[in-house]
Amino acid sequence: MSSLISADEIGHETELVWLEDIDSLDYVRQSLDRLPTRKGKPAYHRDGRMIGYALLGTTAKPSRASGTFRRRVFWLLPHDRDSEPNGLYAKSAPAEAVDPRTLEPQVKGYKTERSEGGPPSSAMRELGITLPL
């Protein structure tokens, strides 16, 4: 879950690679996956689709136990809001979801009013303010 990702776990990221245009997505799910390499497109073994992934710098060390690297992967499931706008997540978002516009290398991102399914209040729109949740 994104709330469990700590800054030190993503401190070796150098780039986020997006496989889709994230401007049209209210949220993406993120997880830390154990992968065999620092770079390259990882294999994807979930339902749904991979939206993007992180690349690690050369200073990232593999796990001594498994030899794998922990890298972020961004994904969506078939029942997420982009595919089912009136479905389960019409007015909410999964626990591991964040607004993709808040993501950068080494930044875990956060939920926003948009990612949670609600438009900003009229007062906030008038002032041009958006709040992280």
Side-chain angles (χ1 to χ4, degrees):
M1 294 183 7
S2 61
S3 61
L4 300 178
I5 295 174
S6 65
D8 63 314
E9 292 176 302
I10 58 176
H12 292 282
E13 290 180 346
T14 59
E15 184 180 346
L16 300 182
V17 176
W18 297 108
L19 303 172
E20 294 186 21
D21 180 9
I22 59 171
D23 289 336
S24 63
L25 299 174
D26 293 343
Y27 65 81
V28 294
R29 295 172 186 252
Q30 70 175 339
S31 59
L32 275 174
D33 291 1
R34 292 198 174 277
L35 300 170
T37 63
R38 290 180 184 95
K39 298 183 183 264
K41 183 179 176 183
Y44 186 72
H45 303 291
R46 294 179 176 91
D47 286 343
R49 65 194 197 275
M50 184 183 342
I51 304 299
Y53 54 90
L55 302 180
L56 303 179
T58 57
T59 59
K61 302 280 188 247
S63 163
R64 283 185 264 165
S66 65
T68 59
F69 298 89
R70 294 192 68 187
R71 289 171 50 196
R72 279 194 295 177
V73 176
F74 307 99
W75 45 286
L76 289 170
L77 291 175
H79 61 274
D80 280 324
R81 190 181 313 142
D82 71 306
S83 298
E84 292 187 19
N86 298 315
L88 177 63
Y89 295 114
K91 296 292 181 191
S92 65
E96 67 271 16
V98 294
D99 186 329
R101 289 158 215 74
T102 67
L103 292 165
E104 294 179 30
Q106 303 179 25
V107 175
K108 73 178 188 174
Y110 50 86
K111 292 182 185 299
T112 62
E113 289 176 324
R114 180 178 176 156
S115 70
E116 285 296 294
S121 66
S122 57
M124 293 199 44
R125 281 194 306 270
E126 287 174 21
L127 295 171
I129 300 171
T130 58
L131 294 178
L133 296 178

- Asp8 atom CG, neighbour heavy-atom count above 12 within 6.0 Å: yes
Is the closest side-chain heavy-atom distance between [X] and [Y] below 4.5 Å?
| X | Y | value |
| --- | --- | --- |
| Arg71 | Thr37 | yes |
| Leu16 | Phe74 | yes |
| Leu103 | Ile22 | no |
| Arg49 | Asp82 | yes |
| Ile51 | Trp18 | yes |
| Arg29 | Asp80 | yes |
| Arg46 | Asp33 | yes |

- Stepwise side-chain contact (heavy atoms from CB on, under 4.5 Å) test for Arg38 and His12: CA-CA 10 Å; Arg38 290 180 184 95; His12 292 282; over 6 Å; no
If I compare all heavy atoms of [X] with all of [Y], which pair ends up nearest, and what's the gap?
| X | Y | result |
| --- | --- | --- |
| Thr112 | Asp99 | OG1-OD2, 2.7 Å |
| Ala93 | Ser115 | CB-O, 3.2 Å |
| Gln106 | Ile10 | CG-O, 3.3 Å |
| Arg72 | Glu104 | NH2-O, 3.1 Å |
| Ala97 | Tyr27 | CB-CD1, 3.6 Å |
| Pro85 | Ala90 | O-CB, 3.3 Å |

- Message: Checking Glu15 now: which residues fulfil salt bridge (Lys or Arg N to Asp or Glu O under 4.0 Å) with it, not counting sequence neighbours?
- Response: none
[X]: partners by side-chain hydrogen bond (donor to acceptor under 3.5 Å, both in side chains), with sequence neighbours left out:
| X | answer |
| --- | --- |
| Ser83 | none |
| Arg81 | Asp26 |
| Thr58 | none |
| Ser24 | none |

- Show which residues join Leu19 in its hydrophobic cluster (side-chain heavy-atom contacts under 4.5 Å, direct or indirect), or state none. Val17, Leu35, Tyr44, Met50, Tyr53, Leu55, Val73, Trp75, Leu77
- Quick one: does Gln30's side chain have a donor or acceptor within less than 3.5 Å of a partner on Lys108's backbone? yes
